[in-house]
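Below, chain A is the first sequence line, B the second, and so on; all start at residue 1. Quantities reported herein were computed from a predicted structural model and do not represent experimental measurements. Below, all heavy atoms of this structure are taken into account, side chains as well, without hydrogens, waters or symmetry copies.
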Amino acid sequence: MADLLTATPATAVPSPPRRTRRRWRNTLIGWSFILPNFLGFAVLTLIPVIAALVLSFMDWDSYNAPEWVGLKNFQRLLDDESTKIALRNTAYYALGHVPLTVLAALGLALLLNRKIAGVGFFRAAAFFPYITSMVAVAIVWNMLFNPEVGPVNQFLHFIGIDDAPGWTTSTTWAMPAVILTSVWRDMGYYMILFLAGLQAIPTEHYEAAKMDGANNWQRFRNVTLPGLRPVTFLVLILLTVQSFKVFDLIVVMTDGGPGRATLVLSQQIYRQGIVEGEFGYASAISLVLFALVLVLTLTQFWFNNRRERS
Amino acid sequence: MNRRKLLAFGAAVAAAAPLAACGSDDDGAESGPVELTISVWNMDSTPEFKALFDAFQKANTDITIKPVDILADDYPTKVTTMLAGGDSTDVITMKNVIDYARYAGRGQLKDVTSLAKSENGAKLNGLDAFKQEGDKYYALPYRQDFWVLYYNKKLFDAAGKPYPTNLTWDQYADLAKALTGGAGQNKVYGTYHHTWRSVVQAISAAQTGGNLLGPDYKFFGDQYKNALGIQEAGATLDYGTAKTQKTGYASMFETKKTAMLPMGTWYIAKIMAEKKKGSTDADWAIAPLPQAAGASGVTTFGSPTAFAVNKNAKHAAAAQKFVEFAAGPEGAKAIAAIGVVPALLTDEIRTSYFGLEGMPTDDTSKKAFAPDKIVLEMPVSDKTSKIDTILNEEHGLIMTKEKSVDAGIAEIEKRVKNEAS
C-alpha cells in the first residue's frame with residue numbers, strides 16, 4: 001500500500017499509463033474515504049445478512065455446528081400456524097398504520113403550514129411523540145387503553161358509548177389500539193417531511209390556479225397533491241418498511257397478545273431465533289419478510305414511475 | 001524486513017501468553033489468588049447473591065468473586081448469547097430449569113454428577129429437576145422456592161374472619177369474596193391472582209397430577225372455573241387490568257389492597273426487607289396453598305435455582321468449589337439468614353429460618369413451610385419452551401374471557417399436538 005502511494009513514477013514510462021495510474025490512485029483515495037463506513041456496514045450488516053441467507057437452509061442452535069437441511073425450514077414455515085398468523089397480523093398492522101399515518105401527517109402538515117401565531121410551538125408539539133422513548137409510549141398508552149379505569153374508555157362512556165371496546169385485552173381491538181398508538185407516535189416525523197414538501201411547491205402555481213378560479217379543494221387536488229408526489233412516495237416507502245419490521249411497540253404493549261392477536265413477524269423471528277434457539281428457522285422467516293418488503297417496495301417504485309410518465 | 005520479523009515474533013509470543021496461562025489453570029491445582037466470575041441477575045435487589053459470595057470468600061480467602069450482573073428480564077437471552085460466544089465466565093446461575101435443560105443438552109456445562117451424588121447433594125430439594133440423560137447432573141440447586149398463601153392479618157381482623165389454615169379452593173373463593181369491600185381508592189380485594197399462567201395451570205397440574213406437557217389438559221378445568229369465579233365476583237383485580245397496568249403483586253400486598261396472595265416463597269425475603277426499611281407495615285403470615293376438596297396432605301409447586309460450571313470456565317476447580325459450597329450447609333445457612341429458602345432444608349436450617357426477625361412464628365406458617373409434596377413447576381423436555389408459549393397465549397385468552405374454559409383447553413390440546421410434537 002505504502003509503496004503504491006509514495007513511489008515516484010519511473011521517468012521512462014510514457015504518458016497514457018501515467019494517466020491510468022493517476023486515475024487508479026484517485027480511485028483508491030476515493031475508496032479510502034468510504035472505507036470506514038463500508039467496513040462498518042460490511043461487518044455489522046452485510047455479512048450477517050448473507051449469513052442469515054445461508055442459515056435459512058440450515059439447522060443451527062447457535063452452539064453446535066450447523067447442519068444443512070435444504071428447504072426444511074421453508075416447508076415448516078408453510079405448516080406453522082403461528083407464523084401464518086404473524087404474517088396476517090403484520091399485513092393488518094401495515095394496512096392500518098401506513099394510510100392512517102399518511103393522512104394524519106399530511107393533515108397536520110397542511111394545518112401547520114400557514115402563518116399563525118405560535119406555529120413553531122405546535123410543530124414541536126406534534127413532533128414530540130416521535131422523540132419519546134418507545135417503551136414509555138407503549139406503557140402509557142396501555143394504561144390509557146385500560147378497559148375499566150383508562151381515560152379512553154371513560155371518555156367513551158361520557159359521550160354515551162356503553163359497550164366500549166376492551167382494547168389491549170380484547171383479541172378484536174388489540175391491533176387497532178396498537179395502530180392508533182403507532183400513528184400518534186409517527187405522525188409528527190412524517191409531518192416534517194410533508195412540511196418540507198409543501199414549502200418546496202412554488203407559490204406561483206397557487207397564484208395561477210387562483211387566477212383560473214380554482215377553489216380550495218381544486219387547488220389541493222391539482223397543485224398540492226401533484227407537487228407533493230416525490231415526498232409522498234418517500235413517506236410511503238419509509239412507512240411500509242417500518243410497518244413490516246414493527247417490534248418494540250408490540251413487545252412492550254401487548255407482547256403479541258392477547259393470545260396471538262398482535263403477534264407480528266419480527267416478533268416471531270425473535271421468538272424462534274433468540275428464545276427458542278432455532279436460528280435456521282428464524283432466518284427462513286426473516287428471508288420471507290425481506291422478500292415481502294422488497295416486492296412491496298419495487299411495486300411502489302413501479303407505480304411511481306408509471307405515474308411520473310403519464 | 002528484519003524489524004517486521006521481530007514484530008511478528010513478538011505478536012505471536014503475546015498471543016500465546018494468555019493461552020499458556022489458561023492451560024495451567026486447567027490442571028485444577030491452582031495456587032495463589034483466583035478471581036472467580038459468576039453470572040447473576042439484579043445483584044442489588046437479589047440479596048442472596050451477596051450473602052453467598054460473602055460467606056464463600058470468608059471461607060476461601062484466596063478466591064475473590066467478581067459478579068457479572070445482568071438485568072433479570074434479559075438474563076436467559078444474555079446467557080444464551082454469552083455461552084454461544086464461548087464466554088469464559090466460571091459459574092453460570094441457572095435461573096430456571098427450562099434454560100438449564102437447553103444449555104446442558106448443548107453440552108455447554110460441566111458434569112457435576114459426583115457432587116450431586118455426595119451425601120449432602122442427595123439431600124437437596126429439587127435436585128431431580130436437573131437430572132439429564134438418565135443419571136447425569138450439570139447443575140446443583142442452592143435454593144428451592146415453592147408456593148404458599150400469604151395473607152394480611154389486619155384485613156382479616158377488620159372483616160372478622162379467622163386466619164386461613166387448611167383451605168379448599170371453594171372455601172378460598174368464598175373467603176376472597178367475603179373479604180372484598182370498599183370502593184374507589186379504598187377498594188380492598190379478597191385475593192390477588194398475578195397474571196402468570198402458573199397461578200392457575202401449575203397449581204392444577206401439581207394438585208391433580210396432570211402433565212403440563214400434555215397431551216390431555218382437561219385437568220385445568222376446575223382451577224380455571226375457580227379462578228374465573230373469583231374474578232367475576234370482583235374478588236380479585238381482573239386479569240385485563242392487571243396486565244395493562246403491569247400491576248405488581250408486591251405493591252398489591254404491601255399497600256394492603258389485597259387480603260390474600262398466592263405466591264412463591266421468594267417473596268418472604270423481599271417483604272421482610274421492605275418491612276425493615278419501613279416501606280410497608282403489612283402484618284403478614286403464610287398458610288399452605290389451598291387444596292382440592294378431599295385431598296390428603298399439602299401439595300404445592302415450585303422451582304429450584306441452581307449454579308452450574310461453564311464448560312469454558314477459566315477457573316474450573318474454584319468454580320466447582322463454589323457450586324458445592326452454595327448447595328452445602330454453609331451456603332444454605334448464609335441464604336436462610338436473609339429469608340431465602342435453601343434447597344438443603346434440614347430441621348436445623350428450618351428452625352433458624354423461623355428465628356429470623358420479622359418472620360411469622362405461628363404453627364400454620366411453619367406448616368406451610370413444610371409441604372408434603374413440591375411438584376416441579378414445569379417439566380423439562382425439548383418441547384418445554386414451545387408448550388410454555390402456547391400455554392401462556394391461551395391462558396391470556398381464557399382469563400380475558402375471549403375464550404371459554406372448554407374452548408381454551410381444546411385449543412391448547414390442538415396446538416400442543418400440532419406445534420409441539
- [ ] Flag yes if more than 12 heavy atoms outside A/Phe290 fall under 6.0 Å of its CZ atom; otherwise flag no.
- [x] no

Task: chain A contact via B/Gln108 - side chain, backbone, both or neither, heavy atoms under 4.5 Å - done: both

Open item on the list: Tell me which of these, A/Pro147, A/Gly256, A/Ser170, A/Ala261, has more heavy-atom pairs under 4.5 Å with chain B than the rest.
Closed with: A/Ser170

Task: Rounded distance (nearest 0.5 Å) linking atom CZ of B/Arg415 with atom OG of A/Ser82 - done: 4.5 Å

Open item on the list: If you count every heavy atom of other residues, nucleotides or ligands that lies below 6.0 Å from A/Trp68 atom CH2, does the total exceed 12?
Closed with: yes

Task: B/Lys136 atom NZ, neighbour heavy-atom count above 12 within 6.0 Å - done: no

Open item on the list: Counting only non-hydrogen atoms closer than 4.5 Å, can you tell me which residues of residues 268-277 of chain A sit against chain B?
Closed with: A/Tyr270, A/Arg271, A/Ile274, A/Val275, A/Glu276, A/Gly277

TODO: Below 4.5 Å from any heavy atom of chain A, which atoms of B/Asp99 appear? Answer side chain, backbone, both or neither.
DONE: neither

Task: Winner by heavy-atom pair count (cut-off under 4.5 Å) against chain A, out of B/Ala84, B/Gly396, B/Gly85, B/Pro76 - done: B/Ala84

- [ ] Ignoring hydrogens and angles, state whether a donor on the side chain of B/Thr244 or A/Asn146 is under 3.5 Å from an acceptor on the partner side chain.
- [x] yes

- [ ] Would you list the pairs meeting salt bridge (charged side-chain N to carboxylate O under 4.0 Å, His left out) in which at least one residue belongs to residues 395-405 of chain B, sequence neighbours left out?
- [x] B/Glu232-B/Lys401, B/Glu394-B/Lys403

Task: A/Ile139 and B/Lys246: CA distance, side-chain angles, deciding distance, side chain to side chain contact (heavy atoms under 4.5 Å, CB included) verdict - done: CA-CA 8 Å; A/Ile139 289 180; B/Lys246 301 204 187 292; 4.0 Å; yes

Task: Nearest-0.5 Å distance, CG of residue A/Asn142 to CD of residue B/Gln245 - done: 8.0 Å

Open item on the list: Looking at A/Phe247, I want to see if its CZ is surrounded by more than 12 non-hydrogen atoms of other residues, nucleotides or ligands under 6.0 Å.
Closed with: yes

Open item on the list: Other residues, nucleotides and ligands only: do more than 12 of their heavy atoms fall within 6.0 Å of CH2 on B/Trp41?
Closed with: yes

Task: Side chain, backbone, both or neither of B/Glu419 within contact of chain A (heavy atoms, under 4.5 Å) - done: side chain

TODO: Output the option from B/Asp238, B/Ile98, B/Leu83, B/Thr241 having the highest count of non-hydrogen pairs under 4.5 Å with chain A.
DONE: B/Thr241

Task: Pairs of heavy atoms under 4.5 Å with chain A: top-ranked of B/Gly408, B/Gly107, B/Ser385 - done: B/Ser385

Task: Interchain contact, B/Thr81 with chain A, by part (heavy-atom threshold 4.5 Å) - done: neither

Task: Short N-O contact, B/Lys386 and A/Glu278, less than 4.0 angstrom - done: yes

Task: Enclosure of B/Lys256 NZ (heavy-atom neighbours >12, cutoff 6.0 Å) - done: yes

